[in-house]
Amino acid sequence: MIEEKFDAIVIGAGMSGNAAAYTMASRGMKVLQLERGEYPGSKNVQGAIMYADMLEKIIPDFREDAPLERHLVEQRFWMLDDTSHTGMHYRSDDFNEAKPNRYTIIRAQFDKWFSRKVREAGATVLCETTVTELAHDTRGQVIGVRTDRAGGVIFADVVVLAEGVNGLLGTRAGLREMPRPEAVALAVKEMHFLPEEVIGERFGLKGNEGCVIEAAGTISRGMTGLAFLYTNKESISLGIGCLVSDFASTMESPYALLDAFKNHPSVRPFIAGSEVKEYAAHLIPEGGYKAIPQLFGDGWVVVGDAAQLNNAVHREGSNLAMTSGRIAGEAIFQVKSRRDPMTKNNLALYKTMLDKSFVIKDLMKYKDMPALLHTNSGNFFMTYPQLMSQAAQNFMRVDGRPKIEKEKATTSAFIKARSRWGLVSDAVRLAFAWR
Ligand SMILES: Cc1cc2nc3c(=O)[nH]c(=O)nc-3n(C[C@H](O)[C@H](O)[C@H](O)COP(=O)(O)OP(=O)(O)OC[C@H]3O[C@@H](n4cnc5c(N)ncnc54)[C@H](O)[C@@H]3O)c2cc1C
């Protein structure tokens, strides 16, 4: 049994929990971090692109020893139909800068490194310890936690819930609702291993340069979803995710979608001859701004995926997790430094600071986006990719038909599929969502 009282207990050793624990411990606070996994990262799944700026604000010299795979110099956006892709590629030598902006990482290794930094900063980290319950005093203030280990309550002035997307503790304690099926995606992912030089050749990369592909279209069978392929040093991470509500209504299998993506003629050559060593499935919060729950209360704050802080439009999550964890840690430190109690009123500082950050501003910008894509998913993920592919073929195939006829055929295919009014209304809705 742990007798001592802590300044703060952090539940979870993912991106948000590590950011919060590091921020508080490195400022001299007495921090206990509890993680149910065998080691930090053992339960965590990500694509994974890691955004340097947000980690730099926590550990400025992280490049010296963090396990980074490749820095990204190229991004490909693909619209898929069953046999083709229509794409936009952006590659720039500017990304070969001294301090690159985005890296691929492998979470199992990265989280272990981050956790070592948390311990070096002075926090106590206990793995294989599941928090089973929040402990309250008679006024309802959170005063600590109970775990699956023997012993009673472990006391702390404040508890940081960094327990990830499911957030069972928070829901059980009545702090927020379970995420709705239309507000979470289920993603499945595989790791394909290949020699470093083969990956370099296939994607035209030298040294530690990396490339990512993000693909939408018929691959998600009309559901709202996205497939991805990320290059690591000696492996390729590849996966697909769609909204849980769509999986439930269509009865499609995530594994079947992943299989189809791997066997798509545009994807198959990249992973030819690879050895699959890892497989994972995980939820992603995609409800956007409207899904964000109450973020603070008497004796508690919630950060990262548990707070549903995820930007589905830009496919960013770990950076919102790290930033919300850091800001929560800074806010808690400020309250403690003033010797104020960790009450709801005082912890509101976390929300005030978060509102001023890119996290809430970005989520507000796209607040209607998930609903918009969901409502029109058949059009955006089936009809338009097929039409784009037809239009590209019409343009490229030289078969003796006059160009004027081909252009008419392309225009009438669009109008036949969606009608003039349908096309205009989709364009207007998209423009409004992106404004
Ligand atoms: C397939 C996939 C691809 C993704 N790709 C990207 C990407 O490329 N870039 C990006 O920025 N984001 C990406 N994300 C999102 C990103 O992974 C998350 O936003 C990020 O991991 C959230 O961090 P977190 O710390 O809030 O939660 P998590 O990383 O999920 O950590 C939560 C931790 O809490 C622990 N825990 C839970 N309950 C308890 C308990 N009761 N007691 C003790 N410990 C507990 C868990 O074991 C876990 O370690 C992806 C997500 C998925 C699923």
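Numbering of ligands and ligand atoms starts at 1, following listing order.
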Give a yes-or-no answer on whether the side chains of [X] and [Y] include a donor-acceptor pair shorter than 3.5 Å.
| X | Y | answer |
| --- | --- | --- |
| Ser84 | Asp81 | yes |
| Gln334 | Asn346 | no |
| Gln75 | Arg91 | no |

Counting only heavy atoms not in [X] (residues, nucleotides, ligands), do more than 12 fall under 6.0 Å from its [atom1]?
| X | atom1 | answer |
| --- | --- | --- |
| Met29 | CE | yes |
| Gln294 | CD | yes |
| Lys117 | NZ | yes |
| Tyr289 | OH | no |

Where is the nearest protein heavy atom to [atom]: which residue, which atom, and how far?
| atom | answer |
| --- | --- |
| atom 28 (P) of ligand 1 | Asn44 OD1, 4.0 Å |
| atom 6 (C) of ligand 1 | Gln46 CG, 3.2 Å |
| atom 39 (C) of ligand 1 | Arg36 CD, 3.8 Å |
| atom 31 (O) of ligand 1 | Gly14 CA, 3.5 Å |
| atom 19 (O) of ligand 1 | Asp305 OD1, 2.8 Å |
| atom 47 (O) of ligand 1 | Glu35 OE2, 2.6 Å |
| atom 34 (O) of ligand 1 | Gly12 CA, 3.2 Å |
| atom 23 (O) of ligand 1 | Ala321 CB, 3.6 Å |

Say whether [X] and ligand 1 are in contact under the criterion: heavy-atom distance to a ligand atom below 4.0 Å.
| X | value |
| --- | --- |
| Met50 | no |
| Thr129 | yes |
| Ala48 | yes |

Say whether [X], considering both its backbone and side-chain N or O atoms, lies within less than 3.5 Å of an N or O atom on ligand 1.
| X | answer |
| --- | --- |
| Ile284 | no |
| Val131 | yes |
| Val303 | no |
| Val165 | no |

Please state whether the rings of Tyr22 and Phe114 are parallel, tilted or perpendicular, taking 30° and 60° as the class boundaries.
-> tilted
Between Phe193 and Lys277, is there a cation-pi geometry (under 6.0 Å to ring centre, at most 45° from the normal)?
-> yes
Kindly confirm or rule out a cation-pi arrangement of Lys189 over Tyr279, judged by NZ or CZ under 6.0 Å from the six-membered ring centre and within 45° of its axis?
-> no
I'd like to check which ligand 1 atoms, numbered from 1 as shown, lie under 4.0 Å from a non-hydrogen atom of [X].
| X | value |
| --- | --- |
| Arg107 | 17 (O), 20 (C), 21 (O), 29 (O) |
| Gly164 | 27 (O), 30 (O), 32 (C) |
| Thr130 | 41 (N), 42 (N) |
| Ile49 | 7 (C), 8 (O), 9 (N), 10 (C), 11 (O) |
| Ala187 | 1 (C) |
| Asn310 | 15 (C), 19 (O) |
| Ser16 | 24 (P), 25 (O), 26 (O) |
| Ala162 | 32 (C), 33 (C), 34 (O) |

Do the side chains of Lys290 and Ile292 get nearer than 4.5 Å, heavy atoms only?
-> no
Do you know the tightest heavy-atom contact between Arg202 and Pro269?
->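 So the two residues come closest at NH1-O, 3.3 Å.
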When the ring centroid of Phe155 is compared with that of Phe6, is the distance short of 6.0 Å?
->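 No, they do not, as the ring centres are separated by 6.0 Å or more.
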Among Tyr230, Phe261, Phe203, the one residue meeting ring pair (Phe, Tyr, Trp, His ring centres under 6.0 Å) with Phe270 |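 Going through Tyr230, Phe261, Phe203 one by one, the ring pair (Phe, Tyr, Trp, His ring centres under 6.0 Å) with Phe270 is satisfied by Phe203 alone.
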Under a 4.0 Å heavy-atom limit, does Leu169 contact ligand 1 with its side chain, its backbone, both, or neither?
-> side chain
